[in-house]
Amino acid sequence: MGDDKQKVLLIDGNSIVYRAFYAMPPLTNSSGLHTNAVFGFTTMLLKVLEEEKPTHLLVAFDAGKATFRHEGYEDYKGGREKTPPELSEQFPLLKELLASFSIQQFELGGYEADDIIGTLTRLADEQGQTAVVVSGDKDMLQLASDRVTVLLTRKGVSEVERYTPEEIASRYGLTPQQIIDLKGLMGDSSDNIPGVPGVGEKTALKLLAEYGTVENVLEHMGEIKGKLGENIRSHHEDARMSKRLATIFREVPLQQTWDELRWTGYDPAELAAAFRKLEFKSLIERLDLSGATQAGGGAEGEAAHQASYETVWVAGPAEWEALNGALKRAEALVVESHGENPHQSEGIGLAIAAGERVYVVPYASLFSNEAAALRDWLADADAAITGYDLHKAELVLARSGIELRGQSFDVQLAAYLLDPTEADPSLAGLLQRMGLPSIPFDEAVFGKGAKFRVPDDEALAAHLAAKADAVRRLARPLAEELDKAGMRTLYYELEQPLAVILAGMEKQGISVRAEALEELGKEFQSGIERIMSEIYRLAGFEFNIGSPKQLGEVLFDKLGLPVIKKTKTGYSTDAEVLEKLEPYHEIVRLILHYRTLTKLQSTYIEGLLKEIRPEDGKIHTYYRQTIAATGRLSSQFPNLQNIPIRLEEGRQIRKAFVPSEPGWHIVAADYSQIELRVLAHISGDEGLKEAFRNEMDVHTKTAMDVFGVPADQVDSNMRRQAKAVNFGIVYGISDYGLSQNLNITRKEAAAFIEQYFNAFPGVRKYMDDIVAQAKQDGYVKTLLERRRYLPDIRASNFNLRSFAERTAMNTPIQGTAADIIKLAMVRMDEELRERGLKSRMLLQVHDELVFEVPPEELETMKKLVPETMARAFPLDVPLKADVNFGVNWYEAK
DNA sequence: GGATTCACG
DNA sequence: ACGTACGTGAATCCA
C-alpha cells in the first residue's frame, strides 16, 4: 500500500445480482438469453463508479459449494427457493462483462461474498484505507466504521443509501457491531436464521437498547417478563447460534494482494464489444462508446471505426467519372430520404460502396447529365444491387422518375427474417446485434421528429458512406445466417421478389372518389350532430364525449352507472363496457353510435381524403414487410388493411374505392377459412381434415362435435359459440379468453375447450407438441420455415410464459397463412406478366387480394385469381378462395 | 409521448 | 394462484 489516497470499492456480487434480477423487468437479447440482472447490475455499477471514483475495485461472489456456516447448521439458507434458471444463466454473462470492465472478481470455496468483503474491510481499517461496500443485504452494516461506508440498494438497484456508523446510530440507535445482535434476536427468514420467536425488529431494538448485546440479554433473561421472557429462555441457544450465523467472518485466507485490486478504468473498445454482445444499446450511448471498436480506440475521425474506405463526395467531373467506372463493382447501395412515408419523402442522397471507396451523391445531382450512367445502373434489372430497405428506396426514387430494378439482397429484409420481433431496424442496431463495429445512429446525425436536420455535406457524406459500408459488411454474414436457419428459399423465392411486387402495387395505387367520401361524410356529420345534442340533453349539460375522462365522469359519477372495469387512469369506457351498460340508460346506446360515427368520420372520411393524391386521384399505401412478428404485411399512410366492413354504415366507405379506368371492375378474392385449413394440415387432425375435404361449414361441424348433435340440430347460437371456439383455437386458447369472448363462466369455457379437444384430438396434440417444441428450441416455425423466437417460453413468470405459449400455438398458423398468400401474390404477378394481362393487383388484406380488371379480362380473372390462390401451396386439405367483383370494392363482396 | 379506443384479418 | 384471447395502424385526449 502506498501513502497516496486510496479508496477501495467492494461489491457484494450475489446480493446485487439478486436485487437486480427481481427489480428489473424481464429483458432478453436477440438469442433469447436473459440479461435483466446483468443490466441492472451494470446500471448500479456505473452509478457507483461515478459517485465514488474508487482507486481499487472488487466484486466478490459466493462460491458454489457449502460454506463453513453449513457445518454448524444444516438449515442455513435452507428455506431459499432454488435460483431460477433465468437468473443463473446470467452469472457467466456478468462475470464476462466484469472482465471487460477490467474489474477483479473473487470467490473462494467455503466462504460467502460478505466474508471476503468483511476481511478486506478489516484490512482497510487496519491499514488506514477508505473502503466502500455495496450490497443489498442489511447484515453488511456490521462492517461500517470510521473508514468503511456501506451502501445499501433500495427499491431497485441503482438507488443506494449511505450508511456510516453515525447514520446507523441515528436510524437504529445501534453500533455497527450491534447489527449482529439485532439479527441474532430477530433472525432472518431469507437465510433461515431462526432468532427468537416473537421477536421482530421493534422488540429486538428495545432489548438491545436496554442490554446492549445478545449475551447480556441472555444473562438477564430471568428478569424479562411475560411471553417474551419465556421465548428468550426457551430459545436462548437459537439466539446464540443466530448471532454466530449472522457474524461476518473477517479472517478469510486471501491470497491476492491489495495491488491486484487497483483499478484504472476500462478499455472503451472492450467494454463496447461486451455491451454489443449483450445488446445494451442504451449503455453504449450513455457511455458514448458507439465509436469505440475492438480495432481502434474512441478517437475521432477515420480512426473511430478504422474505416477501410475513402469517402468520395461526388461533386465534380473527376468524381463522376470515378463513380461511373466503379458502378460495375458496386457492393452496396443506400438511399437516404426525409420522413417515414416514401410516397412523400424527398431524397437526401445516395451512397454506393465499391471497393476501397464509398461514393456519396447528393440527391439533387441525380438529375444531372453526369448522372446518366448512375440512373442506368439503378434501372438495370441485372445490376444485382445489395442495399438496406430497397423497397423504400425504390419508392423514393420512383417519385423522381428514377427506376430501381436490380434488387438482389436487402439486409433489412434479411435481418427481419432472422428475427422478426427485433424492434430496432436501424443499421447501427443491426451491426451491434451482429457483433460488427457499429456506426452512428441516424438520430444522432439527423436528430428526430421536428428536430430532423440534414447536416453539412461533410457530416452527411461521412454518415451515408458509413451506412453503405455497413450494408456491405452485413450482407455476407446475414446471407450465411439465412442459410444456416434454412430460410434461403423463403428469402430468395418469396420475400425478395415480393418486395418488388409490393412496390409495384403501391406505385399503382387505388383510385378513391373524393366526392363519394365527402358525400358520405356529410351523412355521418349530420348523424354526429343529432346524436351529440341528444347526449347533451340526456346528460343535462355539454361535455367532450370524446374524452374518456369526461365521459367516465358523466356515466359513473353523474348518472351513477355501475363501474364494470377500470383502466390505469380511471374508468374504462370501451365498447365492451358500454354494451353491458346499455340496459341501464338510453344514453349508452347513443354514445356507442357516436363513437362509431366519429371513428368513421375522422379515420376514414377525413383520414382517407387527406391521402388522396391530387395528381392521380389515388391512394398509395405503403406495405411494410418487416414489421409483423408473424410474417404478415402491414399497411401504413394510410392503412388500407382496416377499411370498415363489419357494420353496414362503415362498409359504405368501400363504395369510394373504384377502378382507375372507366369500365373496369374491382375483383376481390379471399381465402375461405385459411387459418383453420392450415391448422388441419399442420395438426393432421383427421376430423378437421375430413370436414374441409367434404367442404363442410367448419363452424357447424365444430358445433356438431362439441355439442354432440347432428347437423340439423345446430342452431345459430350453437354455431356462434363454435365459431368463437375456433377463433380461440387459432389464437392459442385459454378458458379465460373464451369466457370473456362468449360472456360465459370460465368453467363453461373450459368445458367447451375440453369438448373441442376430445372431438379433435389431433389439434390437442399439435397444441401440446408445439409448446413443447418451442420450449426446446426457443422458437417456432411456419411451413415455409419462417421463424419467431419466443424467449419468454421458459419464463418462470406465469403471465409471460402463458403469453409465449399462446404465441407458439398461433404463430405457425397465422404465419403459414401469411406465407401462403405471399406465395399467391408472387404467382399472380407471374401469371399477369406471362399472360400479358392488363389487370393489376392493388391490395392485400391478409387473406384477400384486390385487383382492377378490364372488362375483357373479367372472366379470365374470375377463374385465374381464386385458382392461383388455391394452388399457391398444396396442403393436406384443399385451399379455397371465393371471388367477387363489382364497380367498386363494396360491390365486390 | 403514453394511454385509450377502435377499425381490420 | 396466477389473469390474456393472435396480429396490426390511426385518431384523440391529456399530462
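In what follows, chains carry the letters A, B, and so on, assigned in the order in which the sequence lines appear, proteins first and then strands, with residues in each chain numbered from 1.
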Would you tell me if any nitrogen or oxygen in the side chain of [X] comes within less than 4.0 Å of OP1 or OP2 on [N]?
X       : N       : answer
S634(A) : dG9(C)  : yes
Q636(A) : dG9(C)  : yes
T596(A) : dC6(B)  : no
N799(A) : dT4(C)  : no
T567(A) : dT4(B)  : yes
K599(A) : dA7(B)  : no
T598(A) : dT12(C) : no
R646(A) : dG9(B)  : yes
R595(A) : dC6(B)  : yes

I'd like a table of donor-acceptor pairs (distance under 3.5 Å, sequence neighbours excluded) in which one partner is a side-chain atom from residues 803-810 of chain A, with atom names and distances.
unit_1, atom_1, unit_2, atom_2, d
E805(A), OE2, K775(A), NZ, 2.9
T807(A), OG1, F803(A), O, 2.7
N810(A), ND2, V730(A), O, 2.9

Strand-adjacent residues in residues 842-850 of chain A, judged by heavy atoms under 4.0 Å from DNA chain B: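 Residues of residues 842-850 of chain A that come under 4.0 Å of DNA chain B are, in numerical order, V845(A), H846(A), D847(A).
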
For [X], answer base if it contacts any base atom (sugar-phosphate contacts may also be present), sugar-phosphate if it contacts only those atoms, and nothing otherwise; contact means non-hydrogen atoms under 4.0 Å.
X       : value
N642(A) : base
I643(A) : sugar-phosphate
G732(A) : nothing

Short side-chain to backbone donor-acceptor contact, R677(A) and P878(A), under 3.5 Å: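 Yes, R677(A) side chain to P878(A) backbone: donor-acceptor pair under 3.5 Å.
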
Whether the side chain of [X] and the base of [N] hold a donor-acceptor pair under 3.5 Å is what I'd like checked.
X       : N      : result
R788(A) : dG7(C) : no
R632(A) : dT8(C) : no
Q814(A) : dC6(C) : yes

Integer angstrom distance from the P of dA5(C) to that of dC6(B):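 Comparing P positions in dA5(C) and dC6(B) gives a spacing of 15 Å.
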
Nearest-angstrom distance, C1' atom, dA7(B) to dC2(C):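 So the two C1' atoms sit 32 Å from each other.
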
H846(A) and Y671(A) aromatic centres sub-6.0 Å: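 No, the ring of H846(A) stays outside the 6.0 Å limit from the ring of Y671(A), centre to centre.
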
Ring center gap for F441(A) and F446(A) short of 6.0 angstrom: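 Judged by ring-centre distance (under 6.0 Å), F441(A) and F446(A) do not meet the cut-off.
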
Per-pair stack call Y731(A) and dC6(C), 5.5 Å, 30°: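 Here Y731(A) meets both the 5.5 Å and the 30° conditions.
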
Aromatic-base stack, Y736(A) on dT4(C), cutoff 5.5 Å, angle under 30: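 Y736(A) vs dT4(C): stacking yes.
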
Stem regions touching DNA chain C, defined by at least 3 consecutive Watson-Crick or wobble G-U pairs below 3.5 angstrom: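 The stems are B:1-9 with C:6-14.
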
Modelled atom types, side-chain donor and acceptor of T630(A) and Q814(A), under 3.5 Å: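 Yes, Q814(A) and T630(A) have a side-chain donor paired with an acceptor closer than 3.5 Å.
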
Closest non-hydrogen atom pair, E675(A) against I813(A):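 For E675(A) versus I813(A), the nearest heavy atoms are O-CG2, 3.4 Å.
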
Selected nucleotide, minimal atom distance to I645(A) side chain, candidates dC13(C), dG9(B), dG7(C):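 The nucleotide sitting nearest to the side chain is dG9(B).
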
Per D574(A) side chain, nearest of listed nucleotides dT5(B), dC6(C), dC8(B):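 Selected nucleotide: dT5(B).
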
Euclidean distance, atom CG of residue L600(A) to atom P of dT5(B) [Å, nearest integer]: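 Distance, rounded to whole Å: 18 Å.
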
